Amino acid sequence: MVEWLLFETKPSCLQNWNKLEQQSMVPNFLVNAFLEVLKSVFSLDFENRLRFEQPRNEEFGDFATSIALILAKELKRNPREIAESIVQNLKLDSNLVEKISIDGPGFINIKLSKNFFALELDRMFQVGEDFGKGNKGLGQKVNVEYVSANPTGLLHLGHGRNACIGDSIATLYQWLGYDVTREYYFNNAGRQMQNLARSIFARYRQILGDNDYPFPEDGYHGDYIKEIANEIAEKFGKTYYEEIPENIDFCKTYGEKWCFEKIRSTLEKLNIHHDVFFNEDSLYKDGKIEDVINILREKGLVYDKDGAVWLALSKLGLSEDRVIVKSTGEPTYRLPDIAYHREKFLRNFDLIVDVLGSDHIATVPDVLAGLKALGFDTSKVKVVFHQFVTLTENGVQVKMSKRSGRSYTLDELIDEVGADVVRFFFVMRSVSSHLEFDLNLAREQSEKNPVFYLQYAHARICSIFDTAKERGIEFNPKVTTECISKPEEINLIKLQRRFPEVVEVSAEKFEPQILADYLYDVATAFHTFYHECRIIGSEEPILSARFKLAKVTQRILRNGLKILGVSAPTRM
RNA sequence: GCGCCACUAGCUCAGUUGGAUAGAGCAUCAGCCUUCUAAGCUGAGGGUCACAGGUUCGAGUCCUGUGUGGCGCGCCA
């Protein structure tokens, strides 16, 4: 159990996020009025404990608080009584609050006025194009490591999900003002690279006529290996035919470069670019691996046994000691991983995010324990584990066998359904849920496909502005929006107000899906509004008020889609 | 055997820190285009929140146990 606590807690730098402040959609005047009453009437300081929720049922107003129920326990008084005395003493601007009531066991429900929402629309409109950006992270550095696939093959769908989640998380943090480094850990050392080299070499020999040349038992079976071997054969003929270390090594270097190029071009299609490609082999060249062993040895946490070097994880609260250098002299993954993360710590990040497939769950406690032993604050590390991807077509699961090498590559998927669909589909489920990628739905170019639904809403708004321009209709940004009154308008404003908070919560929870769901709701609210409320053809001030409504929606959709890496077409 | 994750409508999934009558999309059925993009909108049906206990004013949410499924438990990464 101890092992899991190491990384299941919330990263330290996010723990300062003020719970109350985070409820940014709760108007300040409301919070202050309540705090004032709690202080003056009950002599209670509730600064960090007063919470408001948005009732599911609209009858209960826009915000509700169960503060009276909570107090009832502490004060041992009837909750409704407490609610009464709170409400009686509340000093609220009747211009902003339409109704305040006590319902059920003692909930205090607040319904805000249309005027309040009109003022909010003006406020959001004035924020400008960057609506949704925050400043919580100013002055802080975040490192987000994602993809990090070995250069031994092509990216598959699991990597695709990893890439899209990681990139969206990185952008979310950028939107909060963090200085973000996107990083790819390039596992180009160790045995799997040897395996790649031998696989290529074997195919190379076979291509050149040595049909009996044995293929490595645990070699890489994919067709791409033959492709690489073919290239070498065509370019260099029999130059590297002889089975000597130099030639195997050539295959390794060539293969690594080839795979890296493919990986990069696939990520390029998704518009994913890393700032740093951290090479594993540099850890060896720069002596970092040795450094880690030496430091841990000095601390008495490393010992030799059976010809191998062991890390005494049992002294660090874990159940078993593990090998960090095999008897062959090769390190296991733990050692370079620890050394690599040590480098990240030394680069002074306030938050270190690793995006990993859930198959890596068991490896993380070892690495974190090692880092802790080196004296680093592991609460700065957040490991985001995502579940697997299954591909379905016509309701049937498409087999993705890695062994046979006939797995569906990410590249093929992008070519088939487009980058926008891939990016959205991979983040539209929560990270911890299995993701079923429905090829039929992905290919669908209609409202059934959520990507098009969202993009269509954006394009529709753009079209309104285009049409207005063509017809010489101008809107006046200075018009106040008090005329807003229809439920479709109010509903849209309510959703719009939430955008900055949704960005925060998505980042805090490392869940781009929250943003994806929200955008869908915004698009729906807009489509409903569009159907019910005409813009062009309306008289002032309705005309300009609705223009603002459309403008803010457009910015939310554009910015939200941008965070998810999805394009926002102006025309469809 | 041990650990992690999941289990909510026919299917795919949401469900803030425990809150009031359980949410969406798809699928099914019924409506809406002489109008700013019908790639859209409106409505209907559909639920023992896997099961059993517990905690309390109140549980899909927290605790314990059980079942089912996925992943992991190496001198592989």
Side-chain angles (χ1 to χ4, degrees), chain A residues 1 3-4 8 19 22-23 49 51 53-57 59-60 64 66 69 72-73 79 103-107 109 148 150 152 187 190-192 195 218 305-310 319-320 322-334 336-337 357-363 365 385 387-388 390 392 395 428-430 432-436 438 440-441 444-453 455-457 459-468 470-471 473 501 505 508-509 513-514 516-517 520-521 523-524 526-538 546 550 571-572:
Chain A
M1 203 55 201
E3 316 185 0
W4 303 108
E8 282 302 328
K19 284 281 181 195
Q22 197 188 109
Q23 290 196 300
R49 291 168 58 198
R51 304 301 302 272
E53 57 195 270
Q54 298 181 76
R56 287 187 202 142
N57 192 331
E59 282 171 39
F60 296 131
S66 56
L69 296 172
K73 208 176 288 180
D103 299 291
F107 290 101
N109 294 321
S148 295
N150 296 346
T152 55
N187 268 159
R191 223 174 60 140
Q192 76 281 2
N195 199 354
D218 50 353
K305 193 180 94 182
D306 305 332
V309 182
W310 293 69
S319 51
E320 276 180 87
R322 300 284 181 188
V323 170
I324 53 172
V325 181
K326 295 184 256 180
S327 50
T328 58
E330 295 169 293
T332 63
Y333 70 88
R334 292 180 191 89
D337 269 15
S358 59
D359 51 337
H360 285 73
I361 279 181
T363 72
F385 291 108
Q387 291 292 327
F388 285 5
T390 51
T392 59
M428 74 179 181
R429 300 292 177 231
S430 70
S432 61
S433 297
H434 287 260
L435 186 146
E436 188 174 302
D438 183 340
N440 298 89
L441 182 62
E444 188 91 39
Q445 308 245 325
S446 74
E447 84 285 357
K448 290 175 195 166
N449 187 328
V451 182
F452 286 93
Y453 183 83
Q455 291 180 324
Y456 182 65
R460 217 176 199 186
I461 296 167
C462 294
S463 167
I464 294 167
F465 288 112
D466 288 346
T467 307
E470 275 169 30
R471 300 188 190 172
I473 299 166
E501 193 204 49
V505 173
E508 182 196 8
K509 293 183 179 293
Q513 173 262 328
I514 292 173
D517 269 10
Y520 195 91
D521 289 344
T524 300
F526 180 78
H527 284 310
T528 306
F529 158 76
Y530 175 90
H531 191 259
E532 207 58 40
C533 309
R534 288 197 60 81
I535 299 174
I536 294 171
S538 297
R546 289 184 178 164
R571 211 168 252 276
M572 283 175 80

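Protein chains get the first letters and strands the later ones, always in sequence-line order, with residue 1 at the start of each. Only this structure's heavy atoms are used, side chains among them; waters, hydrogens and symmetry mates stay out. Worth saying up front: this structure is predicted, and the values here are computed from it rather than measured.
One cannot find a donor-acceptor pair under 3.5 Å joining the base of B:A14 and the side-chain atoms of A:D521.
Counting only heavy atoms from C-beta on, A:W310 has its side chain closest to B:C75 among B:A20, B:U37, B:C75. When the nucleotides B:C5, B:C41, B:A14 are ranked by their closest atom to the side chain of A:S433, B:A14 comes out on top.
Spacing of C1' atoms, B:G58 relative to B:A22, comes out at 16 Å, to the nearest Å. B:A52 and B:U61 are spaced 13 Å apart, taking the P atom of each and rounding to whole Å. Taking atom C1' on both nucleotides, B:C13 is separated from B:G60 by 14 Å, rounded to a whole Å. Atom name C1', nucleotides B:C5 and B:A50: the rounded distance is 16 Å, in whole Å.
Counting non-hydrogen atoms under 4.0 angstrom, A:N109 reaches a base of the nucleic acid. Across all strands shown, A:S327 has heavy atoms under 4.0 Å from base atoms, whether or not it also approaches the sugar-phosphate. Residue A:N187 is in sugar-phosphate contact alone, with no base atom involved, counting any heavy-atom pair closer than 4.0 Å across all strands shown. Residue A:D306 is classed as a base contact, given a heavy-atom separation below 4.0 Å to a base. Base engagement by A:T363 is indicated by at least one non-hydrogen atom pair under 4.0 Å involving a base atom. Across all strands shown, A:C533 has heavy atoms under 4.0 Å from base atoms, whether or not it also approaches the sugar-phosphate. As judged by a 4.0 angstrom heavy-atom cut-off over every strand, A:A459 is placed among the base-contacting residues. A:R471 comes within 4.0 angstrom of sugar-phosphate atoms only, judged by non-hydrogen atoms across all strands, and of no base.
B:A9: no Watson-Crick or G-U partner with both key distances under 3.5 Å is found in any strand.
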